[in-house]
*Asks:* 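Before I ask anything, let me first share the structure, which is written out below as structure tokens.
All chains are named by letter (A, B, ...) in the order of the sequence lines, taking the proteins before the strands, and each is independently numbered beginning at 1.
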Protein chains: 2
Amino acid sequence: MSDLPALAPATKHNHARCVRDALDTAEAVCARRGARLTALRRHVLELIWRSHKAIKAYEILDQLAGEIGAARPPTVYRALEFLMAHGLVHRVDSLNAFVGCADASHRHDAQFFICDACGTVREIDDVTIGRAVSRGAERLGFEVERRMIELHGRCGSCQ
Amino acid sequence: MSDLPALAPATKHNHARCVRDALDTAEAVCARRGARLTALRRHVLELIWRSHKAIKAYEILDQLAGEIGAARPPTVYRALEFLMAHGLVHRVDSLNAFVGCADASHRHDAQFFICDACGTVREIDDVTIGRAVSRGAERLGFEVERRMIELHGRCGSCQ
DNA sequence: CGTGAATTGTTATATTATTACATAGCGTCC
DNA sequence: GGACGCTATGTAATAATATAACAATTCACG
Ligand SMILES: [Zn+2]
Ligand SMILES: [Zn+2]
Ligand SMILES: [Zn+2]
Ligand SMILES: [Zn+2]
């Protein structure tokens, strides 16, 4: 595994450690469920975690091609499908892109704060927002199954 | 203009009237701003309003082709761009599709409740949800510029 | 009318994602 | 160990979504 200097996030933290933790959690989650975190899937997850930005499927594809030779779209999309199914990665619909889940220990929807200046995606799960949505849904007689909440703007360091 | 029976929404209402109102509002909004609601743009808006479902750009394209002859993607995407710029249409990112704005009198983000069974999209603008998001953002020091809030599930009649 | 700006037409291409089928790996039963 | 069945991966083709670049037309305004 190579070093990861160029793509580190804006927030100051030990990102190598941050990635290692994410991969360890992924191993644990998959082990617990009898799911196979294969070399390929693990590699894709690692690429996603190289930054706290959302990464596009074809960027993953290009990086894979540079590292392990030929890679085709289905390879990437299948890995992403697996990682999303196990809650290790979220899809950011407003960007057609993917980001590592900040709390992969349990499946969840979350809210994403996306800085349009630096690209950093910050995931939180705010119960107040969740409750507000639930009450709105209730008034409409609507049964919510999946929440997609993505807020675009400027993060603290980019204002 | 043809009749609109097949695509009427689940909720019982006078949909012909509903469409007419939407077009009238659009005329008014554009007049007020000196924007030109050309025949093409008006036609696209009307196609979008034929149902309360989100419609895909290429569905619009197909319908235009059937009605006025050749139509190319840029034609549709440009009309959509105009309609969105003037708040007459919203894009539903989680569907790559477009829906008529339920309250085009003023520009806004809103929340969309999307029934995955019947496809109906219900737009509301719930201040409670907006406030919850604002407070979440404030705690992160994040400045929100655009809110994408799309809730998938089942509407009342599809449960 | 003449002019410039906005709109639309047209061709090509970029970007994102899936289908369909072939091959390879891997655990289990006998 | 070998046959079987399941999961994962490889590969080719194509579908679905969106934009770029430039030409032709239309339209408001003077
Ligand atoms: Zn990190
Ligand atoms: Zn998450
Ligand atoms: Zn209606
Ligand atoms: Zn609206």
*Asks:* Are the side chain of B:Gln159 and the backbone of B:Arg154 linked by a donor-acceptor contact shorter than 3.5 Å?
*Replies:* yes

*Asks:* Checking side-chain polar atoms at under 3.5 Å, does B:His108 have a donor or acceptor matched by the opposite partner on B:Glu123?
*Replies:*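 Yes.
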
*Asks:* Please state whether the base of C:dA14 and the side chain of A:Tyr58 form at least one donor-acceptor pair under 3.5 Å?
*Replies:* no

*Asks:* At under 4.0 Å, does any side-chain N or O of A:Arg72 touch on OP1 or OP2 of C:dT18?
*Replies:*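 It does not, given that no N or O in the side chain of A:Arg72 lies less than 4.0 Å from OP1 or OP2 of C:dT18.
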
*Asks:* Hey, does the side chain of B:Arg91 come within less than 4.0 Å of D:dA18's phosphate (OP1/OP2), counting only N and O?
*Replies:*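 True: B:Arg91 side-chain N/O within range (under 4.0 Å) of D:dA18 OP1/OP2.
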
*Asks:* Could you tell me how far apart A:Ile55 (CD1) and C:dT15 (C1') are, to the nearest whole angstrom?
*Replies:* 15 Å

*Asks:* When all nucleic acid strands are considered with a 4.0 Å heavy-atom cut-off, which category describes B:Arg36: base, sugar-phosphate, or nothing?
*Replies:*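 Here B:Arg36 touches the backbone only, sparing every base.
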
*Asks:* Assuming nearest nucleotide by heavy-atom distance, tell me which of A:Ala57 and A:Arg78 is located more 5' along DNA chain C.
*Replies:*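 Nearer the 5' end of the strand: A:Ala57.
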
*Asks:* Please tell me if A:Thr75 has a side-chain N or O lying less than 4.0 Å from either OP1 or OP2 of D:dG10.
*Replies:*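 So the side-chain polar atoms of A:Thr75 do come within 4.0 Å of the phosphate oxygens OP1 or OP2 of D:dG10, strictly under.
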
*Asks:* If the cut-off is 4.0 Å, is B:Lys56 near the phosphate of D:dA16, judged by side-chain N/O to OP1 or OP2?
*Replies:* no

*Asks:* On the ring face of B:Phe82, is B:Arg41 found with NZ or CZ under 6.0 Å from the centre and within 45° of the axis?
*Replies:* yes

*Asks:* Answer yes or no: does a side-chain N or O of A:Arg41 lie under 4.0 Å from OP1 or OP2 of D:dT9?
*Replies:* yes

*Asks:* Any side-chain N or O of B:Thr38 below 4.0 angstrom from OP1/OP2 of C:dT7?
*Replies:* no

*Asks:* Which heavy atom of A:Leu45 sits nearest to which heavy atom of A:Ala26, and what is that distance?
*Replies:* CD2-CB, 3.4 Å

*Asks:* Please tell me which of B:Ala35 and B:Pro73 maps to the more 5' nucleotide of DNA chain C, matching each residue to the nucleotide holding its nearest heavy atom.
*Replies:*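 Its nucleotide being nearer the 5' end, the pick is B:Ala35.
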
*Asks:* Closer to the 5' end of DNA chain D via nearest nucleotide, is it A:Leu40 or B:Tyr77?
*Replies:* A:Leu40

